[in-house]
Structures are given as C-alpha cells and as structure tokens.
Amino acid sequence: MALLSRSAIIEPLLNGTKKALLASGVQESNIVVQSVPGSWELPIACSKLYSASQVQSTSSSTLGAGDLLGGSTSDLTSLSTTNSASTAPFDAVIAIGVLIKGETMHFEYIAESVSHGLMRVQLDTGVPLIFGLLTVLNEDQALARAGVASGSHNHGEDWGAAAVELGVKRREWAAGKIS
Ligand SMILES: Nc1c(NC[C@H](O)[C@H](O)[C@H](O)CO)[nH]c(=O)[nH]c1=O
Ligand SMILES: CC(=O)[C@@H](O)COP(=O)(O)O
C-alpha cells in the first residue's frame with residue numbers, strides 16, 4: 001500500500017487544473033472542489049455531486065452570474081466578470097486521484113473499477129467527466145505527471161483545458177450546433 005504523500009501529488013494536480021480553468025476564463029467562484037477519502041469513492045462522489053448541482057439549479061429561484069463557463073457558449077472572451085457563483089448544473093466534472101501500485105492486486109481492482117465507474121457516470125449523466133486519475137507504478141511516476149519533478153508537465157493543466165473544451169462542446173451539441 002502506498003498512501004504516503006498523496007497530497008504532495010494531488011495538490012499540484014489540483015493547482016494545475018485550476019490554473020488551466022482560470023486561464024480559459026472560468027470564474028474562480030464557479031470552481032467547486034470537494035475531497036473524498038480515496039479514488040474508490042470518486043465515481044459515487046462525481047455522480048452525487050453532479051446531481052446536487054442539478055438540484056441546486058432547480059431549487060434556486062435566481063440564476064447566478066453564469067455556470068462554470070460563465071454563461072458562455074463557445075466564446076470564452078465574452079465571459080461575465082461578476083464574481084457571484086452560479087447555481088446552474090455543472091458543465092463538467094474532473095475526477096482527480098492517484099493510484100500507486102502496492103504489493104497486492106488492490107491497485108488493479110481499484111484502477112479498473114474506478115475507470116469503468118467514471119465512464120458510467122459520464123455516460124449516465126451526460127456531463128463530461130474528465131479522467132484525472134493517475135495510475136502509476138511508483139511515486140516518482142506520479143510526481144513526474146504532477147509537474148513536481150524537475151522539467152515535468154502538470155497533467156492537471158490538460159484536465160482543466162479538456163473540461164472547458166468538452167463543457168463548451170456539450171452545450172453546443174445540446175443546442176444542435178455542430179461547428
Ligand atoms: N491505495 C489507494 C487508495 N486506496 C483507498 C481507496 O481508494 C478507498 O478510499 C478505500 O478503500 C475505502 O473505500 N486510494 C487512492 O486514491 N490511491 C491509492 O493508491
Ligand atoms: C486492501 C488494502 O488496503 C491492501 O491490501 C492493499 O495493499 P497494497 O496496496 O500493498 O496492494
């Protein structure tokens with residue numbers, strides 16, 4: 001079991017993800033971060049959290065400044081500049097975790113189940129669910145993907161960008177727009 005310094009990996013990944021979201025014009029107030037005990041809990045957390053955003057949306061009488069993408073469709077330069085948080089359902093969900101192989105089959109079972117679980121949540125809800133789950137053989141591999149190792153790339157930045165791209169595309173597709 002390798003539960004050592006998961007926060008040393010998750011925190012940089014989360015920061016990289018947020019950096020990309022903000023760089024795309026997403027308002028900070030529309031980025032919701034929730035934590036779970038481990039990667040095993042990611043599918044149910046993503047599922048229930050997305051449901052919560054839908055409940056919040058239908059039970060709210062006032063629409064916020066916009067959703068995750070600030071009310072934009074494809075033009076991210078026209079984002080609202082107000083700081084109030086949206087009550088609209090989430091445009092995208094990003095599941096971030098790291099599984100580090102230990103001595104037993106634990107890693108294989110969790111990696112396989114969580115991957116399938118996240119895909120199921122994505123297709124069942126119809127909301128883009130970005131796969132930010134590192135499945136690595138050792139901590140060094142994780143650090144090299146979290147942008148912590150010298151000269152390495154932070155994969156969180158890719159996940160943030162993917163969330164915005166799919167969030168925008170999903171809206172367009174929902175409106176029958178195929179560009
Ligand atoms: N070994 C790793 C875990 N294990 C914990 C499980 O995800 C789960 O929280 C527990 O079994 C209770 O249901 N989680 C990780 O995220 N990464 C690991 O490497
Ligand atoms: C179920 C467990 O937490 C444990 O058996 C996992 O062990 P390992 O990570 O060494 O495979």
Side-chain angles (χ1 to χ4, degrees), residues 1-21 24 26 30-58 67-69 88-148 152-174 178:
M1 175 66 72
L3 287 176
L4 23 132
S5 48
R6 232 184 295 157
S7 64
I9 298 160
I10 296 296
E11 280 304 314
L13 288 170
L14 179 58
N15 290 338
T17 303
K18 280 187 183 169
K19 184 178 153 196
L21 291 172
S24 294
V26 175
N30 288 333
I31 300 173
V32 176
V33 179
Q34 300 272 300
S35 67
V36 290
S39 298
W40 178 255
E41 284 75 32
L42 284 171
I44 190 159
C46 291
S47 171
K48 295 300 176 189
L49 190 57
Y50 180 67
S51 297
S53 78
Q54 291 178 303
V55 171
Q56 172 189 251
S57 172
T58 53
D67 50 17
L68 177 67
L69 301 174
F90 298 150
D91 283 295
V93 177
I94 306 169
I96 298 176
V98 56
L99 288 169
I100 301 176
K101 183 157 175 58
E103 295 176 354
T104 70
M105 292 295 289
H106 189 73
F107 169 89
E108 279 81 0
Y109 285 117
I110 296 192
E112 173 109 9
S113 305
V114 172
S115 306
H116 286 303
L118 291 174
M119 178 58 82
R120 199 172 115 197
V121 171
Q122 171 167 242
L123 296 177
D124 286 354
T125 59
V127 72
L129 206 175
I130 305 305
F131 189 74
L133 178 64
L134 295 183
T135 52
V136 294
L137 301 179
N138 53 56
E139 199 186 8
D140 283 347
Q141 289 185 349
L143 294 170
R145 284 154 185 79
V148 177
S152 66
H153 173 64
N154 187 329
H155 288 220
E157 294 177 22
D158 303 334
W159 304 334
V164 172
E165 180 179 344
L166 262 293
V168 168
K169 284 186 168 147
R170 178 212 186 204
R171 280 177 162 242
E172 291 178 345
W173 294 332
I178 303 169

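Numbers here are sequence positions counted from 1.
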Compare every heavy atom of Val121 with every heavy atom of Pro43, then report the nearest pair and how far apart it is. O-CG2, 3.5 Å
For Val33 and Lys18, run side-chain contact (heavy atoms from CB on, under 4.5 Å): C-alpha distance rounded to whole Å, both residues' side-chain angles, the deciding distance at 0.1 Å, then the answer. CA-CA 10 Å; Val33 179; Lys18 280 187 183 169; 3.8 Å; yes
Contacts of Gln56 meeting side-chain hydrogen bond (donor to acceptor under 3.5 Å, both in side chains) (sequence neighbours excluded), chain-then-number -> none
Measure the CG-CZ distance between Leu137 and Phe107 for me, rounded to the nearest 0.5 Å. 6.0 Å
Salt bridge (charged side-chain N to carboxylate O under 4.0 Å, His left out) contacts touching residues 117-127 (sequence neighbours left out): Arg120-Asp124
Within-4.5 Å side-chain heavy-atom neighbours: Asp91 and Val26: no
Under the side chain to side chain contact (heavy atoms under 4.5 Å, CB included) test, which residues partner Val148, sequence neighbours left out? Pro12, Leu143, Ala146
Between the CD1 atom in Ile100 and the CG atom in Asn138, the distance rounded to the nearest 0.5 Å is 8.0 Å
Quick check for you: to the nearest 0.5 Å, what is the distance between Ile96 atom CD1 and Ile10 atom CD1? 7.0 Å
I'd like to know whether Leu134 forms a side-chain contact (heavy atoms from CB on, under 4.5 Å) with Gln141, so could you lay out the CA-CA distance, the side-chain angles of the two residues, the decisive distance to 0.1 Å, and finally the verdict. CA-CA 9 Å; Leu134 295 183; Gln141 289 185 349; over 6 Å; no
Listing request: all salt bridge (charged side-chain N to carboxylate O under 4.0 Å, His left out) pairs with a residue in residues 33-44, at least two apart in sequence or in separate chains. none
Not counting sequence neighbours, list each pair that qualifies as a salt bridge (charged side-chain N to carboxylate O under 4.0 Å, His left out) and has a residue in residues 107-117. Lys101-Glu108
Tell me, do Val98 and Ser39 make a side-chain contact under 4.5 Å, heavy atoms counted? no
Are side-chain heavy atoms of Ile130 and Thr17 found at a separation under 4.5 Å? no
Contacts of Leu49 meeting side chain to side chain contact (heavy atoms under 4.5 Å, CB included) (sequence neighbours excluded), chain-then-number -> Gln34, Phe90
Heavy-atom pair with the smallest gap, counting every atom of Ala111 and Ser115: O-OG, 2.6 Å
Between Arg170 (side chain only) and Gly126 (backbone N and O only), is there a donor and an acceptor less than 3.5 Å apart? yes
Between Cys46 and Leu118, what is the shortest heavy-atom contact and its length? SG-CD2, 4.1 Å
With no hydrogens and no angle check, is any side-chain donor or acceptor of Thr58 less than 3.5 Å from a backbone partner on Val55? yes
Under the 3.5 angstrom rule, does the side chain of Ser47 hit a backbone N or O of Ile44 as a donor-acceptor pair? no
Once side chain to side chain contact (heavy atoms under 4.5 Å, CB included) is applied, do any residues pair with Leu166, and if so which ones, sequence neighbours excluded? Pro128, Trp173
Hey, does Leu13 have a side-chain heavy atom less than 4.5 Å from the side chain of Asn154? yes
More than 12 heavy atoms of other residues, nucleotides or ligands under 6.0 Å from CG of Leu123: is that the case? yes
Anything under 3.5 Å between a donor and an acceptor, one on a side chain of residues 156-164, the other on a protein residue two or more places apart or in another chain? List them.
| unit_1 | atom_1 | unit_2 | atom_2 | d |
| --- | --- | --- | --- | --- |
| Glu157 | OE2 | Lys19 | NZ | 3.4 |
| Asp158 | OD1 | His153 | NE2 | 2.9 |
| Asp158 | OD2 | His153 | NE2 | 2.9 |

Flag side-chain contact, heavy atom, 4.5 Å: Met119 against Gln122: yes
Quick one: list whatever passes side chain to side chain contact (heavy atoms under 4.5 Å, CB included) with Glu165, sequence neighbours left out. Lys169
